[in-house]
Amino acid sequence: MQNFDEVYQVVRLIPHGRATSYGAIANYLGSKGGARLVGWAMNAAHTKDDVPAHRVVNRNGVLTGKNFFETPDKMQQLLESEGITIEKDQIRDFDKVFWDPSVELG
DNA sequence: TTCCTGACGCTTG
DNA sequence: CCAAGCGCCAGGA
């Protein structure tokens, strides 16, 4: 879906070592479909390897979709590989690594 | 074709 | 402050 494509575009623009939330993307796209559809888009994006879905978490910074990866630890592993610290499946200092598309992209 | 569920988030009780 | 419900769109049965 085209809506999903926009989501992929935003997710792809997430800088290395940063993370954003489903709601932030939904908000940037004008709440199109809401945060849920962003997560759903990630599911479709799962087939695409160009979309770093591991950099997308919920507004709490929790790795809710980690279970959807090849391995539940894969998401955390990728994030830690980028310098992001994970504490109990949650990003530490999420406010610091948080990447708001509506702010960064304008 | 219709109903239900889903990687979420906000508002209300 | 904590818990529950509703709303968003799309896809599968």
Side-chain angles (χ1 to χ4, degrees):
Chain A
M1 289 289 117
Q2 291 178 318
N3 270 1
F4 287 18
D5 189 43
E6 291 207 75
V7 176
Y8 306 146
Q9 201 74 266
V10 176
V11 175
R12 249 183 274 187
L13 291 174
I14 301 175
H16 176 91
R18 291 291 163 125
T20 188
S21 63
Y22 306 96
I25 296 172
N27 186 21
Y28 173 69
L29 297 177
S31 300
K32 288 192 178 209
R36 283 183 104 168
L37 267 300
V38 179
W40 193 253
M42 291 296 98
N43 191 356
H46 182 260
T47 61
K48 299 174 173 288
D49 41 354
D50 289 348
V51 184
H54 63 275
R55 292 183 188 152
V56 185
V57 295
N58 66 353
R59 83 109 198 159
N60 209 22
V62 181
L63 282 55
T64 47
K66 68 175 185 126
N67 211 16
F68 274 58
F69 283 74
E70 302 173 40
T71 56
D73 293 339
K74 188 66 178 295
M75 190 174 186
Q76 178 176 342
Q77 191 179 38
L78 289 170
L79 290 171
E80 286 185 331
S81 179
E82 296 184 359
I84 299 178
T85 305
I86 308 300
E87 177 81 18
K88 192 66 174 60
D89 295 342
Q90 184 176 9
I91 297 177
R92 187 187 280 281
D93 300 327
F94 181 55
D95 294 344
K96 212 153 70 166
V97 296
F98 181 67
W99 182 80
D100 192 345
S102 63
V103 174
E104 302 293 337
L105 300 179

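Numbered from 1 within each chain, the chains take letters A, B, ... in sequence-line order.
E6(A) has its CD atom 19 Å from the P atom of dC8(C), to the nearest Å. In this structure, N60(A) places its CG atom 13 Å from P of dC2(C), rounding to the nearest Å. We find that CD of E70(A) is positioned 16 Å from C1' of dA7(B), with the value rounded to whole Å. Summarising the geometry, the separation between CG on N3(A) and P on dG6(B) is reported as 22 Å, rounded to the nearest angstrom. Rounded to an integer number of Å, the gap from CG of N58(A) to C1' of dC8(C) is 17 Å. If you take CG of N67(A) and C1' of dG6(B), they are 14 Å apart, rounded to a whole angstrom. Atom CZ in F4(A) sits about 12 Å away from atom C1' in dC8(C), given to the nearest Å. Computed from coordinates, the F68(A) CZ to dG11(C) P distance equals 15 Å when rounded to whole Å.
When distances are taken from the side chain of T64(A) to each of dC8(B), dG9(B), dG6(B), the shortest belongs to dC8(B). Side-chain proximity of W40(A) to dG11(C), dA7(B), dC8(B): nearest is dG11(C).
H46(A) places a side-chain N or O within donor-acceptor distance of the main-chain N or O of F68(A), the cut-off being under 3.5 Å. Checked by atom type and distance alone, the side chain of S31(A) never pairs as donor or acceptor with a backbone atom of G34(A) at under 3.5 Å. In this structure a side-chain-to-backbone donor-acceptor pair under 3.5 Å is missing from D93(A) to K96(A).
In terms of hydrophobic clustering, with Ile, Leu, Val, Met, Phe, Trp and Tyr side chains grouped at heavy-atom distances under 4.5 Å, L13(A) and L78(A) are assigned to different clusters.
Here N43(A) lies in heavy-atom contact (under 4.0 Å) with a base. Among the heavy atoms of the strands lying under 4.0 Å from R59(A) are primed sugar atoms or P, OP1, OP2 only; no base atom is included. Residue A41(A) is classed as having no contact, given no heavy-atom separation below 4.0 Å to the nucleic acid.
Residue-to-nucleotide contacts include a donor-acceptor pair under 3.5 Å from the side chain of R36(A) to the base of dG7(C).
Rounding to the nearest 0.5 Å gives a distance of 11.0 Å between CD1 of I91(A) and CZ of R55(A).
A distance of about 22 Å separates the C1' atoms of dA3(C) and dA7(B), rounded to the whole Å.
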